[in-house]
Structures are given as C-alpha cells and as structure tokens.
Amino acid sequence: MNNDTLEKAVIERKGQIDQSFRDSVATINAQGKRNFLFPKKPKGKLYNLRTLATVVYLAVFFSLPFIKVDGEPLFLFNVLERKFIFFGQIFWPQDFFIFAIGFLTFTVFVIVFTVVFGRVFCGWACPQTIFMEMIFRKIEYWLDGDSQAQKRLKAMAWNAYKIRKRAIKISVFYAISFLIANFFLAYLVGMDRVEEMVVDGVAKHYVTFASLISFTTIFFLVFYWFREQACLVVCPYGRLQGVLLDKKSMVVAYDYGRGEPRGKLKKAELDLSQGDCIDCFACVRVCPTGIDIRNGTQLECVNCTACIDACDDIMTKINKPLGLIRIDSEENIATGKKNKFNWRVAAYSTVLVALLGFLTFLILSRKDVDATVVRAAGQIYQTQPDGRLSNLYSIKLANKTRKDLPITLKVENMDGEIAVVGNALHVGPESYLQTPFFVKIDPGQLGRRKTKIMIGVYQGHKRITTAETTFMGPGN
Ligand code: SF4
Ligand code: SF4
C-alpha cells in the first residue's frame, strides 16, 4: 500500500468514527471539574509481565543508592552543589561539554526510540506510571476494592467507615511517599547524608529534612490526587507524541478492520457481517487515563497495555482470536500486514545501539585528572651548566576525584628531566593546582627551533593523562 492509499484508509477510518470524543476530556466533567477515574483492576499476561518488570525496576531503584565505587555513590545528581556522578565517575563543571553532547545524544535517542517503539517507555519504565499503577493503584485496590467499590466509597456520605478508610489510605500513601522521597533524596545528596540525618536527628540536618518532607508531600499529592494528570498536562514527553509518532510507529492500537462494525454479542452471533468487537467497554473500563482506544491513537494513551489484556480476556471468552487490541503500527492495522520488525525498525534500532555506545564511550573516556601545560610566555631556552637546554612551563591540574593525588611528571617522547619549582606536586581532593616547572633536554635531541614534547602525568606508576606542548631550542 503506498502512502496515498494508506492516507486514504486512515482518513476513511477517521470518517467512520464519531469524532465527538475530541470535544471532551475523560478527566474533566461537564461542569469543568476534575472527573476522578476509577479504572478496573487489570489482569492478564501483560499485566503479570509488568508486575515482574516492576519488581526488577524497584529492586534497582532501591538498591542503587547503597552501591559505592571507591567510597563514592554509583549515581549522584546533586544539582545544588553541582556534583554529578554517573557509574561511579565524578563529573565537574569542566565536563560540561560531555553533558552537552550527552544531552544531545540522549535527545536524539529519545526521538528515534519514540518514532519506532512509540510510548512503551511511558507504560513500562516511567517512574510516574510504575509508582502510580503498579504500587499506589495496587494498594488502592487492596484497601478500597475494585473500581465499583471505590466509586461507592466516593459517593458515600462521610461516616465513621469512610473516615477510617480514607485515614488508612492517606497514612499508607504518605508512608510510601516518605520512603520514595528518602531514596529520591539519596540520589540527590547521597545515601550517607540521608543516613547521617537519621543517626544525628533532624535538628542538625533541618535543610535536608525540610527537602525530604517537601518531596514526600509532592509525591503524596501526585499519587493520591493528581495521578494521570501528570501524564496528560505536565509531562513534556507526552505532549511531544503528536509530532514524534507516525504511521509506522508501534503503538497500542485497535484493529478496526477486524473489530468493526462493532455490536453487542447477541447481535454478533446472529449477524456474521458483525465485527469482532462486542462493544463491552472492558478496554475502556481498565484504562487509567479514561480513553477509548477504539477511537484511534490518542495523546492520553500511555501504552500501559491494560486494554490489550482486557480485550484478550473478552476474545478468549467469546472464542475469537486474540489481538483485537494489540501493539502494532497504524500502517499495519490499515493494511492488515502482520510484520512488526521491518527494515526501519532494524535501522533505527542500530542507530539506537550506536547512540548508547557513544554515550557509554563519552562517560568512560572521561579523565579523573585534567592537566594543561603551557610554556611560560615570552621565555626562550636557557643553557644549563651541564650543557642541556631548559624551558620554563606552567602546569594546571584539576583533581576531579575525592582522593589526594601525588603527581609526578615525565617527558614521554625523548630523554628529559623535569624539575618542579617548590614542593612536590600534590593535588588535594576536588581541587586545582597551578605550578611552574623546568624541562631540561640535551640539545642533540632537538631538531628544530620548536620541538613537540609530550608530558606524562603520573599517579604512582599509572599514567593518568598526557599533555602536549613545545620545547624551544636554538634551531637550525
Ligand atoms: S488506551 Fe490502553 S494502553 Fe492506552 S492508556 Fe488506556 S489502557 Fe493503557
Ligand atoms: S474490550 Fe475488545 S471487544 Fe470489548 S469493547 Fe474493547 S475492543 Fe471491543
């Protein structure tokens, strides 16, 4: 099917749908007030898989702050003190270019990933969805029951039962928000600071404690009250879907070719021209953003796949093939093709792997010590009593680690002696040092007036970096 035909099929399809769903948002009622959603508890293969993925996700989230490399956290995002650690590597403001290139690479990665795989990140890896749907929502089902029970509780007049129910839910939600906030804070300031606060008491760490309570309250409000609105009105990634997705992107999609014309089961049994959709609304009832995916891809869909499970359950019950709602591209749905892995997916995936490789390279190739060597301005060579020539240099060292670094220098590409002026080179943790030094070289090794020399910077026997400069001689 060429693009024109595909376009026609999509337009024709849109013509068949009652577009009035675009006039309202499921989470706002006719009076313009918030319409709280009570999605039915999902069940099915994909939901089980998401539960498994969540267990792994949470295990990683809660264990990373405890992992240390050389006494430093594996990850730290201390924005206020401008300290960043990725995979145990400390990044300084001087590493800004790595951030800039890394950020650009990451942006391209997100775009390419979304173009191919749609919003799978939102449903399966975004912390907001994971915490909301797989922790807080599960607890809500456990405490307040399924959708109908929750609706009844909301509609109920305030009485002792409702007050008790609400008090329990608020306490549990706040306690879990507090736990998450502790770990969130650990990613910002390090687990050591959080533990210090616990051991020393909050009076000594009132700023950290105030941040903790603020984060807890924000998380509580988001998961207790704001919920899906975070995805619908706040998340910039969600707002970008309209421009990132195209007809080949993999999304949660309803197969209208197979499902339409929809109709109640009784009618469908008699009428063979009826589509497979029995208009049971099971897919709508489980949707955490309250949409009807049968209207087509919508901005509100976070690709949580709950509607796929719900519809597969119905298809099993009525003896029809699964996958009336499935992960597929708009093009495949329009053309009836089945292939999900085409050259485009392969090519874009290769680009994604290359970008990831580049990002990893950027992080791993970063040096712990920056060394800049410059020859003293306006100075030429001096002849030493032993006949060797000497040049005066200045070295600027930045120690990005949190360890003391005793440094030695060595001429790498020829025989030469280095004499540091003053004390031995010793750079304190996270600090700079600038000091002059002489390089003495036998004139027999120098060919031209200016000779390139390499200065190796050593910590013990380990060369940590090499700086390039020139040595002035008499020349020919
Ligand atoms: S339409 Fe389906 S995949 Fe999208 S948010 Fe609703 S339930 Fe989840
Ligand atoms: S769950 Fe399946 S059969 Fe029921 S309304 Fe949704 S698409 Fe139709």
Side-chain angles (χ1 to χ4, degrees), residues 13 16-18 21-22 25-27 35 37-51 53-54 114 117-126 128-130 132-134 137 147 227-233 235 237-239 241-242 245 249-269 271 274-330 333:
R13 162 65 187 150
Q16 292 164 2
I17 299 172
D18 175 9
F21 76 93
R22 296 194 189 280
V25 180
T27 49
N35 193 20
L37 300 174
F38 299 94
K40 195 171 156 42
K41 187 177 180 197
K43 62 175 171 37
K45 268 191 204 155
L46 289 170
Y47 189 65
N48 293 342
L49 209 58
R50 280 175 77 203
T51 306
T54 303
T114 310
F117 300 106
R119 288 181 79 172
V120 67
F121 168 83
C122 298
W124 288 65
C126 173
Q128 161 70 21
T129 317
I130 298 267
M132 182 66 242
E133 300 306 325
M134 306 309 287
R137 190 88 73 187
S147 168
R227 305 194 153 196
E228 75 290 332
Q229 296 299 307
C231 309
L232 305 189
V233 298
C235 176
Y237 180 58
R239 315 296 297 174
Q241 298 308 308
L245 298 180
S249 306
M250 290 296 178
V251 288
V252 172
Y254 165 69
D255 187 345
Y256 51 84
R258 204 188 115 188
E260 302 294 314
R262 65 186 80 157
K264 295 292 174 200
L265 182 58
K266 238 163 119 188
K267 218 167 142 194
E269 275 173 344
D271 183 358
Q274 199 73 47
D276 282 353
C277 174
I278 59 167
D279 214 12
C280 64
F281 282 85
C283 52
V284 182
R285 278 196 287 270
V286 292
C287 180
T289 60
I291 59 168
D292 186 342
I293 194 65
R294 295 174 298 169
N295 291 329
T297 303
Q298 291 149 74
L299 198 67
E300 294 95 324
C301 177
V302 292
N303 277 214
C304 71
T305 62
C307 54
I308 298 182
D309 275 337
C311 189
D312 278 352
D313 186 40
I314 299 293
M315 292 298 115
T316 307
K317 284 178 182 150
I318 63 169
N319 256 331
K320 298 270 180 173
L322 307 184
L324 180 57
I325 300 177
R326 60 178 181 270
I327 294 176
D328 214 331
S329 66
E330 199 173 337
I333 296 280

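Every number for a ligand or one of its atoms is a count from 1 in the order of the listing.
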Only heavy atoms of [X], strictly under 4.0 Å: list the atoms of ligand 2 that pass.
X      : value
Cys277 : 3 (S), 5 (S), 7 (S), 8 (Fe)
Arg294 : 5 (S), 7 (S)
Cys280 : 1 (S), 3 (S), 4 (Fe), 5 (S)

For Asp279, side chain to side chain donor-acceptor pair (under 3.5 Å) partners two or more places apart: Arg294
Residues that Lys40 engages under side chain to side chain donor-acceptor pair (under 3.5 Å), provided they are two or more places apart: none
Could you tabulate the donor-acceptor pairs under 3.5 Å formed by side-chain atoms of residues 43-51, not counting sequence neighbours?
from  : atom 1 : to     : atom 2 : distance (Å)
Lys43 : NZ     : Asp313 : OD2    : 3.4
Tyr47 : OH     : Lys138 : NZ     : 3.4
Asn48 : ND2    : Gly44  : O      : 3.4
Arg50 : NH1    : Cys304 : O      : 3.2
Thr51 : OG1    : Tyr47  : O      : 2.8
Thr51 : OG1    : Lys138 : NZ     : 3.3

Where the side chain of [X] meets the backbone of [Y], is there a donor-acceptor pair that is under 3.5 Å apart?
X      : Y      : value
Asp312 : Gly323 : yes
Arg239 : Leu232 : yes
Thr129 : Gly123 : no
Gln298 : Gly296 : yes
Arg119 : Cys301 : yes

Metal site atom 8 (Fe) of ligand 2: N/O/S of Cys311 inside 2.8 Å: no
Protein contact of atom 3 (S) of ligand 2 - nearest heavy atom, named by residue and atom, plus distance: Ile278 N, 3.5 Å
Contacting atoms of ligand 1, where contact means under 4.0 angstrom from a heavy atom of Asn303: 3 (S), 4 (Fe)
Pairwise side-chain contact, Tyr237 with Cys126, heavy-atom cut-off 4.5 Å (strictly under): no
Location of contacts on Thr305 toward ligand 1, heavy atoms closer than 4.0 Å: backbone
Inter-residue atom distance Ile308.CD1 - Ile327.CD1, 0.5 Å rounding: 4.5 Å
Non-hydrogen atom of Met315 closer than 4.0 Å to ligand 2: yes
Atoms of protein origin (N, O or S) under 2.8 Å from atom 6 (Fe) of ligand 1: Cys287 SG
